[in-house]
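Note that this is a predicted model, so its numbers are computed, not measured. Hydrogens, waters and symmetry mates play no part in the numbers below; they use all other heavy atoms, side chains included. Order of the sequence lines fixes the chain letters, A, B, ..., with proteins taken first and strands second; residue numbering starts at 1 for each chain.
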Amino acid sequence: MPELPEVETVRRGLQAQVQGRRITAVEVGRERTVRRTSRQALIDGLTGATITAVNRRGKYLLCPLDTGDELMMHLRMSGRLLVAAAGTERPPHTHVVMHLAGEPAQELWFVDPRTFGEVVVFDPANLANELPELAKMGVDPITDGLTRDQFARLLRTRSRQIKALLLDQHVVAGIGNIYCDEALHLAGVRWDRPSDKVTPREITRLHAAIMQVLHDAIEAGGSTLADTQYVGVDGEGGWFQLHHRVYDRAGQRCLTCNRANIVKAAVAGRGTHWCPRCQR
DNA sequence: AAACAAACCTGTGCGC
DNA sequence: TGCGCACAGGTTTGTT
């Protein structure tokens, strides 16, 4: 579910609501959510700690603590982070609850029906051992910045289908299925083009498309689909889904050429949407 | 090395 | 209305 724009929206919400606050108590329901370490490790690592910042790299939320450790939260497919008044009835699948010091008395909930998401406290000095995939993460177009030439080099390094390369978090961090399809359509590039055969002009267009779609989606608060799985920390959804030009529009007329219909096919198990007329 | 399938789970939407 | 199946924003792992 949540890709870079959704996670960034959550990050901003957390920054406004929980940065600088101390965690007074922690409850862990389902242990699967803290499988990277353990229930006790999370409780010990967070109780009494103050969240000093809320950062993001790709789809990873990273909160440095005043203890020197860092809190990492990943929403995967169905995770949600919600800030609510202490004592409010919790939704089903609330697996972690952090009680926050200060007024008003509030709680931070990690809610996750499919339990693919995770929450862990780690030692940033030992990143390569404790979170190896984060240590090898690629460039985040928003957090790190991504220049057109830097992007061009990433495409030339290897020959892979462009969609697979864009989705590879070790190359570019944060792009998921929705924004990948949207960016490729904006740029007029088909998903199965070999990355090293994309022309310089197309690289320029694709780079601009990625930056634009991520930027616009962040401005719109992300995409909330019909199942309302994704929402910000206040429970409000985003509205970028209203601007989707290919995602979830299979069979509908392309909004760019107004002639062909959007096609959807399963590519490596992922739904892939494109316009056969606009994308070559 | 690249491409794919399956796996991890639960909820929803669709066709019958 | 009810039932069963296909499918879903992510990532890892194993197999061609």
Exercise. Find the distance between CD (A/E8) and CD (A/E6) and round it off to the nearest 0.5 Å.
Key: 11.0 Å
Self-check item: Gap separating the CD atom of A/E70 from the CG atom of A/L62, nearest 0.5 angstrom
Solution: 5.5 Å
Quiz item: Along DNA chain B, 5' to 3', what are the outermost nucleotides having an atom less than 4.0 Å from a heavy atom of chain A?
Solution: B/dA2 to B/dG11
Quiz item: Relative to the 5' end of DNA chain B, which residue comes earlier, A/H93 or A/R32, by the nucleotide with the nearest heavy atom?
Solution: A/R32
Return the value, rounded to whole Å, for the distance between atom [atom1] of [X] and atom [atom2] of [N].
| X | N | atom1 | atom2 | result |
| --- | --- | --- | --- | --- |
| A/M77 | C/dC7 | CE | C1' | 9 Å |
| A/K163 | C/dG10 | NZ | P | 9 Å |
| A/D168 | C/dT11 | CG | P | 10 Å |
| A/L61 | C/dT11 | CG | P | 12 Å |
| A/I178 | C/dG10 | CD1 | C1' | 12 Å |

Practice problem: Would you mind pulling out the nucleotide paired to C/dG4, Watson-Crick or G-U wobble, both distances under 3.5 Å? | Solution: B/dC14
Practice problem: Just name whichever nucleotide pairs with B/dA2, Watson-Crick or G-U, keeping both distances under 3.5 Å, else none. | Solution: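 Because both required distances fall under 3.5 Å, B/dA2 counts as paired with C/dT16.
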Practice problem: Scan A/Y247 against the nucleic acid and name what it touches under 4.0 Å (heavy atoms): base, sugar-phosphate only, or nothing. | Solution: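 Answer is sugar-phosphate: A/Y247 comes under 4.0 Å of backbone atoms only.
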Quiz item: What integer number of Å spans the P atoms of B/dA7 and C/dA6?
Solution: 14 Å
Quiz item: If we take the C1' atom in both C/dC7 and B/dA5, what is their distance in whole Å?
Solution: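 Here C/dC7 and B/dA5 have their C1' atoms 16 Å from each other.
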Heavy-atom donor-acceptor pair, [X] side chain to [Y] backbone, under 3.5 Å:
| X | Y | answer |
| --- | --- | --- |
| A/R249 | A/R245 | yes |
| A/R39 | A/G29 | yes |
| A/R277 | A/N258 | no |

Quiz prompt | C/dG10 phosphate, OP1 or OP2, under 4.0 Å from A/R270 side-chain N/O | solution = yes
Self-check item: Within residues 111-122 of chain A: residues closer than 4.0 Å to DNA chain B (heavy atoms)
Solution: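 Here the set is A/P113, A/R114, A/T115, A/F116.
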Self-check item: Aromatic ring pairing A/F240/A/Y179, orientation class (parallel under 30°, perpendicular over 60°, tilted between)
Solution: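 Tilted: the ring planes of A/F240 and A/Y179 meet at 30° to 60°.
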Say whether [X] and [Y], considering side chains only, have a donor N or O and an acceptor N or O under 3.5 Å apart.
| X | Y | result |
| --- | --- | --- |
| A/R56 | A/T143 | yes |
| A/S223 | A/Y247 | no |
| A/T272 | A/K264 | no |
| A/T199 | A/E202 | yes |

Quiz item: Is there a side-chain contact between A/V97 and A/R90, using heavy atoms and a 4.5 Å cut-off?
Solution: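 A side-chain contact under 4.5 Å exists here.
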Self-check item: More than 12 heavy atoms from other groups under 6.0 Å of NE2 on A/H243
Solution: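 It does: A/H243 NE2 has more than 12 such atoms within range.
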With the criterion being N/O to N/O and under 3.5 Å, what pairs connect the protein with nucleotides 14-16 of chain C, and how long is each?
none

